[in-house]
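What's counted below: heavy atoms across the whole structure, side chains too, no hydrogens, waters or symmetry copies. Counting starts at 1 for both ligands and their atoms, following the listed order.
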Amino acid sequence: MPPSNYPLQALLEQVAQGSIVDLLREMIAIPSVNPFDEPANEDCRELEIADYYQSRMDHLGLLTSRRNVVSGRPNIFGRIKGNGTGPCIMLAGHLDTVGVTGYSNPFDPVIRDNRVYGRGSCDMKAGLAAFIEVARIIIQNDIELAGDLLIAGIADEEHHMIGSKEIRENGPIPDFAIVGEPTELEVCHAHKGQLCMHIRTYGRACHSSIPELGVNAISHMAKLIGVFEDYNDELMSRPPHPECGHGRFSPGVIRGGDIASSVPDFCELEVDRRTIVGESTQDVISEYRKRIEPLTSSVPDFHYEIGPVTIETAALDTPLESPIVEQSAQAYRETVGQASELKPFNGGTDAPNLMCPAVICGPGSIQQAHTLDEFVEIDQVTDAVKIYLRTVLAMQQVV
Ligand SMILES: [Zn+2]
């Protein structure tokens with residue numbers, strides 16, 4: 001059936017809430033906690049959920065493939081081939097979740113008050129479940145797509161985003177993408193980037209009873225922090241991004257010294273910088289250097305080092321007039337009955353690494369993501385399927 005002839009209303013009525021909820025529960029029950037700086041292990045089973053997700057796509061008849069990003073942590077792809085006359089659209093979601101310290105029964109999904117509870121329910125296994133339902137409806141109705149529909153299950157969004165960075169390097173690069181992070185279905189076309197790095201000061205250790213013989217790295221770090229006192233004021237004085245606002249700076253972690261009776265020879269600060277489109281890592285490092293460098297002449301024995309970078313995620317800025325923004329906003333309006341606010345997303349996502357115009361749109365609220373009582377409203381998951389389906393079908397006309 002060509003996409004222009006599909007009976008949209010009949011397709012939307014096929015959205016099967018029961019099977020989406022079953023799928024979501026099965027995925028919550030697989031602990032796919034991000035191992036963060038550790039190797040994959042039995043508590044962090046991204047491989048298991050990747051296998052599961054791929055098998056569900058195989059079962060429906062998608063052409064699936066996988067690539068290991070690192071050992072035991074693959075990206076999974078499923079493709080429904082189009083006839084080559086329309087754009088390739090990717091529905092993308094991450095397979096990992098944040099940790100569960102303090103969370104009672106995180107992997108025992110509970111249904112209550114028309115919600116599904118459990119770790120990963122909204123962030124973002126609900127989005128992944130919705131993608132599968134979109135594929136099921138397209139395949140089982142023999143809808144002939146103009147462009148390929150790609151579903152991507154991505155590793156490691158919650159830490160360094162090595163999964164989507166691998167896609168950035170090795171493809172597949174779609175023409176448009178929808179990332180199903182929790183936005184309560186609102187369409188978000190922009191977000192800030194994040195750049196975290198260490199800044200270190202070095203001194204000379206000695207007994208603290210004769211501190212004048214040493215160089216105190218902590219005291220030097222205090223002076224260094226001081227030079228950033230008005231940095232946020234400077235950032236706020238620059239032209240803002242129209243929706244995301246200004247870049248921001250925050251010192252977040254400090255380490256230094258062993259015992260009080262020694263003058264410390266080392267101190268390390270970890271700083272967080274939220275960037276807007278147009279601010280590169282090199283730009284930011286130059287700004288830091290410009291502020292710190294005068295200390296090397298005004299403070300005796302002042303030695304510092306910038307780096308390494310610990311987190312680096314890009315900003316997203318898809319133009320409002322991009323077809324993926326317009327069509328997903330229209331799909332939101334038709335499904336929810338009101339206009340999307342088109343606000344920026346709070347936080348970073350895989351979207352900029354997909355190297356195409358992309359929006360963030362998914363079931364669940366960022367308020368529940370990463371909490372110890374995570375849930376998603378079931379009605380939002382079924383509405384997500386309708387929004388994705390409407391968007392994918394409308395995008396078939398885009399050339
Ligand atoms: Zn997420």
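Under the 3.5 Å distance criterion, with hydrogens and angles disregarded, a donor-acceptor pair is assigned to the side chains of Tyr117 and Arg115.
The aromatic ring centres of Tyr202 and Tyr304 sit 6.0 Å or more apart.
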Stepwise salt bridge (charged side-chain N to carboxylate O under 4.0 Å, His left out) check, Glu26 with Arg56: CA-CA 11 Å; Glu26 286 177 24; Arg56 293 302 297 237; 3.7 Å; yes
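Classification of the Tyr288-Phe249 ring pair by plane angle, with boundaries at 30° and 60°, yields perpendicular.
Of all the N, O or S atoms in Asp123, the one closest to the Zn ion (ligand 1) is OD1. For the Zn ion (ligand 1), the nearest N, O or S atom contributed by His94 is named NE2. Looking at Glu181, its N, O or S atom nearest to the Zn ion (ligand 1) turns out to be OE1.
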